[in-house]
Every structure is written in structure tokens, then in C-alpha cells.
Amino acid sequence: MKERIAAIADGSIDDHDRKAVMDHVEHCDTCRLELERMRETVGVIHRAFSRGRLVADLTSRVMMYLPEMEPELPACGHESAPGRAETSGYLWALVAGVAAALLLVAGLTWLTWPDSGEQPIASWNRPETAGVILGLTKGITAVGKDGNVPIRVAKASYALEKGARYETGTGEAAVLGLRDGSRVSLFEQSSLTIFGDREIMLNSGRACFEVTHNGERFRVKSPDGLVTVMGTTFGVAVEQGRTVVTVISGMVQVENSSSFVLLTQDEQTEMGMAVTTLAVRKNPSDVAMWREKVQSLRVDRGLERQWTRLADGDGATRPVRAERVFVVDVGTRKVSGLRVEWNHDTVRPDAMGYTVYVRDGSLKPLAKGYIPGRVFVDAKSSSFDLSLPEQVREVKPSLLHISVVPDVDSGVSTTEVTEVYALTEP
Amino acid sequence: MNDAECVKRCLAGDADAYAILVRRYQGAVYATAYYYAGRYNAAEDIVQETFWAAYRSLRMLKDPDRFGPWLKSIATRTSVNWLRRHLPRLRRETPLPHRQQRSTEEILERYGPVTTTTDRVVLVDWIRDAIDTLPEDLRLPVVLRFLQEMTYDEMARFLGEDAELTRAKVRRALVLLREVIDPAARQQKDDEEGIIQWPRVEKK
């Protein structure tokens with residue numbers, strides 16, 4: 001009886017049986033209670049599963065990345081004497097098989113390559129090409145830098161443009177392959193702008209950056225701050241007025257307007273309106289989550305191979321930027337500031353400003369300073385003094401590790417910094 | 001078009017025929033993947049991987065009429081492989097296709113009883129563990145039925161058994177699940193079996 005009541009609650013009973021059971025239930029209190037409770041149980045199970053249910057149609061996603069079918073294995077134990085008629089029959093079968101296989105290959109090629117495969121190569125040499133879309137889940141919206149007319153991109157192999165903004169909606173994601181061989185995984189409801197080679201703004205949402213090492217800094221901006229790296233993997237999430245940076249491997253420098261920190265693997269920091277001093281915390285579970293998410297995205301393998309080849313070939317023409325590192329031995333003296341000197345060559349009006357990062361001997365961040373670009377334009381001077389904050393003076397580091405990095409937003413021409421001295425208190 | 005026709009047309013190079021099969025079975029494969037790896041949000045990936053693998057080895061399918069059960073075996077294998085690959089990193093759990101059977105007491109101790117106000121996140125784990133108390137052959141039918149709301153004909157086609165048998169399995173499973181979930185039913189069962197509950201000794 002219990003099982004029949006279960007069948008009613010489940011709705012899997014034919015009308016005849018149903019009527020018989022319901023007639024009984026009406027007169028039997030125990031069974032009525034049983035039915036009521038069974039319905040509750042079914043309701044609970046339904047409620048538990050309602051979130052996990054598959055609602056999206058995965059067909060197009062599956063069809064997008066079908067493999068080639070494995071060839072049929074030759075049949076064994078074929079027992080027939082070779083004769084002319086049979087041979088020709090066999091031959092026909094073979095020809096038909098080849099034709100079918102060709103058709104299949106053609107079908108597959110069409111599925112994975114809606115466009116001609118040469119397209120990314122053709123546009124690769126254009127200076128405004130920033131990379132290529134390697135894989136898509138559903139699609140992505142591209143907003144060009146001048147037109148501002150959003151374009152729906154529904155297929156991989158689409159060339160990315162410098163200055164353009166790319167946005168994903170709900171359930172959409174994309175893998176972007178940049179010119180320098182770095183790869184960006186853009187997750188759902190996110191938006192990023194590609195400014196140039198190795199320079200990206202994440203406006204909102206989440207993205208994971210796998211940056212190749214080429215001696216030049218890769219910069220990711222967010223509304224709350226700046227992340228600069230040489231070559232690492234890290235995730236950035238911009239949401240609810242804050243930015244969380246999580247490092248999956250390598251080392252990353254994160255800075256806001258007043259301070260900066262260095263993050264290594266499994267470390268995380270948060271930037272936001274209310275945060276002035278950045279704090280570092282360990283968070284391996286978030287790292288695992290990022291890894292998981294990145295692995296969940298698919299790319300077009302053929303396209304990826306093409307892109308890797310192209311990105312590798314780019315190395316020779318990369319510009320070198322005037323970034324230098326100085327190590328100053330201070331000993332036991334108390335340092336009050338730094339003097340930065342440079343070669344004063346022909347004056348160009350739009351000199352870049354320089355950011356000065358100060359670390360101690362073990363590379364622990366101490367302070368950050370800025371030399372505005374106009375200082376370099378001034379023909380009369382060839383040095384600039386920065387004073388160190390009081391708390392750094394108290395630390396009394398014996399060794400200073402100073403990186404001088406051009407601020408590429410502030411101008412065009414670079415200046416060669418020749419020397420950095422420590423100014424000591426008398 | 002039935003499954004066998006679709007398979008034949010796929011083998012002849014008609015990719016659209018495979019799309020029909022994907023659309024027909026994605027729910028079932030998803031539920032299977034969810035049953036194994038649902039707690040790691042991996043089900044959709046496993047669906048993709050399963051259909052990928054099935055297409056690749058479609059020629060190995062001996063009997064095109066039994067595409068469903070064949071696909072089910074691939075889905076199971078793909079799920080288990082996924083767990084083997086990822087689980088050591090995700091959690092220190094033993095990646096086994098047959099997950100550890102749980103006892104009602106263990107579940108109650110961990111999550112407390114189910115009420116109408118139970119948080120949905122807790123409820124999902126609760127029901128998942130409750131399903132693990134069922135005999136092995138009843139678990140997947142329950143997931144197919146309640147996760148994807150499949151009809152018994154669809155389920156039978158995927159499981160490769162008679163629809164009547166599937167129906168009986170779900171009924172049996174519901175009766176058993178109720179005994180786990182519903183405190184009144186637990187009490188009733190104990191009374192029937194003449195078990196007197198000892199007061200539980202709290203671990204110190």
C-alpha cells in the first residue's frame with residue numbers, strides 16, 4: 001500500500017489504479033495521513049533539486065566542439081575467396097566510405113570554423129588588432145571605440161580590437177588570446193576594455209589573466225586600483241564597489257592611490273573606496289575556485305594553435321621601456337628621502353611620469369612615490385628628491401630596493417633614470 | 001526519428017542527427033553527472049565531455065537501438081574519471097563511483113532534521129546524502145525523475161530497462177527516502193520493528 005501511495009504522490013499511476021487507491025484513502029485515516037506526508041517528502045525532494053536542474057540547452061555547445069569520429073576497425077575473420085565481382089563490390093564500399101568520411105570532415109570543419117580559418121592571420125598584422133577570441137560560451141558583446149554600436153559576437157576567431165570594450169551577459173563567457181601570448185578568461189556579466197598591448201581595464205565582473213613573461217609589465221586596471229605583473233596567473237573580481245585580486249601562481253603587484261603590496265601564490269587582497277592600506281591574506285580555496293572556473297571554459301584547439309604560433313612570432317618587434325631597478329646600501333644611517341637623477345636629453349614636451357617603488361632587502365614593500373612627467377621637461381633640473389614617510393624612516397632598512405617604472409598613461413616619451421641616491425639625516 | 005535511425009545517420013556523416021540525440025539525452029546525462037559530481041558544479045562539463053566521447057566512439061556502438069544505455073555507461077565513466085582527476089585537489093575524499101553509504105543517524109547529526117524552513121543549500125546536501133542511503137540501483141532513477149523530471153519512458157530508454165521496473169524502483173525509493181526524511185515515518189518504522197531508541201550518548 002505504501003508503494004501505491006508513493007506512486008500517487010509521484011503521479012506515476014494509471015487512472016484505474018489511482019481511482020482504486022484514492023477510494024481507499026478517503027475512508028482510511030492512516031493512509032490519508034501517509035499520502036499527505038508522502039506528498040510533503042516529494043515536495044522536499046523537488047525543492048532540493050530545483051536549483052541544480054539543467055535548464056539551458058547544451059546542444060549547440062556540444063555540437064561546437066565535436067571530435068572527429070574514430071575510424072572503423074577493419075573487420076576480422078572475413079572468409080571469402082577473392083573474386084572479381086566481390087573485389088569490385090568491396091572497392092565500391094570503400095569509395096562510399098571515403099566519400100562519407102569526407103562529408104563528415106567537411107561537416108565538422110564547418111561546425112568548428114564558421115568562418116575561414118585564415119581570418120585571424122589576415123588581420124593579425126594590423127596594428128589595431130589586440131588579439132583573437134579563442135573560445136566562447138554562447139557569445140559576447142563587442143563595443144567599438146568610435147562607433148559605440150554594440151556587435152554580437154557568437155563565434156570564436158573574431159579579432160579583438162584595441163580600444164574596444166567586450167562584455168558578457170548571463171551565462172556567457174569567453175577566452176581571449178592577446179597579441180603577446182597572454183590569455184584572458186572573461187566570466188559571465190563582466191566587461192573589459194583592451195587599451196593596448198599588455199594593458200587592460202576590467203570595468204566589472206570577473207576575469208582571470210594568464211600572462212606570458214616578456215620583460216615588460218602587464219597592467220590590469222580596475223575602478224579601485226592597478227595590478228601590474230611580469231608573468232603570472234591571477235584572477236580579478238570587480239563587484240559591489242571593491243576589487244579582489246587573487247594570485248594563482250607567480251608574483252603580482254597591486255596598488256591603489258596610496259599604497260602597494262606584493263602578492264604571491266594563494267594570496268589575496270582587496271581594494272575599495274574604504275580601503276586605504278592594502279592587506280594581504282592567504283586564501284587557497286578561492287584559488288581553487290578560480291582554477292576550476294578557468295578550466296571550465298573551452299577553447300577552439302585549432303585556433304589556439306594558430307594563435308600560439310602568431311604570438312610567439314611577435315617577440316622581435318616588442319618595444320623596450322625604460323624601467324630600472326636600483327639597490328642602495330644604506331647601512332645603519334637613517335634615510336629621510338631619495339634623490340633620483342636622469343640624463344637630460346633633448347626636451348620633449350610629453351614625458352611620462354615615473355612611479356618609484358621602494359622595498360626593503362627582502363622585497364617587502366615600504367613606500368611608493370611619483371615623479372610627474374613635467375619634472376623631466378624642465379631643462380634646468382636633472383634630479384628630483386622624494387621624501388620618505390615617517391614610518392619608513394623608523395623601520396631603518398639597511399638595504400633599499402628601488403624600482404623606477406614609467407607611467408605609460410601620463411605621456412609618450414621615456415626618460416633614462418641613471419642613478420638613485422639615499423638622502424640621509426645628518 | 002528514433003535513436004537507431006539517428007545513430008545510422010550520424011555514422012553516415014549527418015551531424016544534425018547527432019544534435020537530435022544530444023537534445024534528447026542531455027537531461028539524462030546531466031542528471032547522471034549531477035548524481036556523481038553535482039556538488040562540484042561539474043555536471044555541465046561532464047555532459048559536454050560525455051557527448052564528445054560518445055561521438056568519437058560512435059562506431060563502437062554494437063546495437064544502435066541501445067544508444068541510451070550505452071550513453072549512460074559513457075556518462076558514468078566520464079563522471080568517475082572527472083572525479084578521479086579533480087577530487088584529490090578539491091577535497092581529500094576517495095574518488096569512488098559508489099559513494100560511501102550514509103546512515104540516517106549520520107545525516108541527522110550533521111544537518112539536523114528537515115523542516116519547511118530548512119535552508120536550500122543545506123537541503124541540497126541533505127537530500128543528496130539521503131539518496132546515498134538508498135540501495136545502489138535505486139539512486140540514479142530517483143535523480144533522473146526528480147532532478148530532470150523525466151518521464152518513465154525516457155528514463156527506461158536511458159537506463160535500458162522496462163518502464164514498469166523503473167517506476168517500481170522510484171516508488172520503492174520514495175518509501176525509503178520518506179523514512180529518512182520524515183521524522184514521523186521514522187518513528188512509525190521503529191514501532192513496527194519493535195525498536196526502542198536508546199537515548200544517544202553525547203560525545204565529549
Side-chain angles (χ1 to χ4, degrees), chain A residues 2-7 9-10 12-13 30 33-34 37-38 40-54 56-73 96 99-108 110-111 137 288 291-293 295-298, chain B residues 10-15 18-19 22-23 26-27 30-31 34 38 40-45 47-48 51-53 55-60 86 89-90 114 116 118 120-121 123-124 126-128 130-131 142-143 145-149 152 167-168 170-175 177-178 181-182 184-185:
Chain A
K2 268 188 180 177
E3 299 205 2
R4 289 170 126 187
I5 286 170
D10 181 34
S12 65
I13 192 167
T30 330
L33 191 68
E34 177 82 17
R37 293 194 170 277
M38 186 55 88
E40 266 172 37
T41 302
V42 171
V44 165
I45 300 173
H46 262 291
R47 192 158 76 94
F49 277 142
S50 60
R51 261 261 184 84
R53 195 161 296 150
L54 176 71
D57 186 358
L58 300 177
T59 312
S60 57
R61 189 173 140 190
V62 168
M63 296 307 286
M64 187 107 164
Y65 304 107
L66 277 188
E68 270 182 58
M69 225 181 257
E70 274 176 1
E72 198 165 9
L73 294 170
L102 273 177
L103 258 172
L104 180 65
V105 169
L108 282 171
W110 184 83
L111 276 170
T137 320
R291 284 217 167 105
E292 193 71 14
K293 284 180 78 150
Q295 276 167 5
S296 73
L297 298 184
R298 311 261 159 179
Chain B
C10 285
L11 291 173
D14 179 1
Y18 196 64
V22 173
R23 200 159 286 137
Q26 57 179 345
Y30 175 84
Y34 185 89
Y40 310 113
N41 297 322
E44 287 193 19
D45 287 352
V47 172
Q48 174 140 14
F51 281 112
W52 189 92
Y55 188 82
R56 210 166 80 98
S57 48
L58 199 58
R59 282 187 210 285
M60 310 292 170
H86 293 86
R89 197 165 48 75
L90 293 171
V114 170
T116 43
T118 305
R120 205 200 298 254
V121 179
L123 190 64
V124 170
W126 215 112
I127 298 301
R128 222 179 241 148
I131 285 174
V142 171
V143 179
R145 176 74 181 166
F146 292 102
L147 178 67
Q148 283 309 117
E149 299 178 323
Y152 283 99
R167 197 168 296 179
V170 173
R171 280 179 203 173
R172 179 84 201 115
L174 274 178
V175 171
L177 277 176
R178 212 202 114 198
I181 296 168
D182 188 348

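To find a chain, count down the sequence lines: A is the first, B the second, and so on, and within it residues start at 1. Because the structure is a prediction, the values reported are computed rather than measured.
- Summarising the geometry of A/Met38 relative to B/Val175, their closest heavy-atom pair is CE-CA, 3.9 Å, with the distance given to 0.1 Å.
- The local environment of CZ in A/Arg53 is crowded, with over 12 non-hydrogen atoms from other residues, nucleotides or ligands closer than 6.0 Å.
- Using a 4.5 Å cut-off between heavy atoms, B/Arg23 contacts chain A through both its backbone and its side chain.
- When heavy atoms are compared at a cutoff of 4.5 Å, B/Tyr152 approaches chain A solely by way of its side chain, counted from C-beta outward.
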- Task: Give the C-alpha distance, both sets of side-chain angles, the deciding distance and a yes or no for side chain to side chain contact (heavy atoms under 4.5 Å, CB included) between B/Leu174 and A/Val42.
- Result: CA-CA 8 Å; B/Leu174 274 178; A/Val42 171; 3.8 Å; yes
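- The ring-ring contact (aromatic ring centres under 6.0 Å, His included) test applied to B/Tyr30 returns no partner, not counting sequence neighbours.
- In this structure, B/Gln148 CD and A/Phe49 CZ are separated by 10.0 Å, a value rounded to the nearest 0.5 Å.
- With hydrogens and angles ignored, the 3.5 Å screen pairs a side-chain donor or acceptor of B/Gln26 with a backbone N or O of A/Leu58.
- Looking only at heavy-atom pairs under 4.5 Å with chain B, the residue among A/Ser50, A/Ala56, A/Ala6 that has the most is A/Ala6.
- With respect to chain B, the highest number of heavy-atom pairs below 4.5 Å among A/Leu54, A/Ile13, A/Thr59, A/Asp10 belongs to A/Leu54.
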- Message: Set out, in order, the CA-CA distance, both residues' side-chain angles and the distance that settles side chain to side chain contact (heavy atoms under 4.5 Å, CB included) for B/Arg178 and A/Glu40, then state yes or no.
- Response: CA-CA 9 Å; B/Arg178 212 202 114 198; A/Glu40 266 172 37; over 6 Å; no
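- The side chain to side chain contact (heavy atoms under 4.5 Å, CB included) test applied to B/Asp45 returns A/Arg61, A/Ser296, A/Arg298, not counting sequence neighbours.
- Across B/Ile127 and A/Ala48, no two heavy atoms sit closer than the pair CG1-CB, 3.3 Å.
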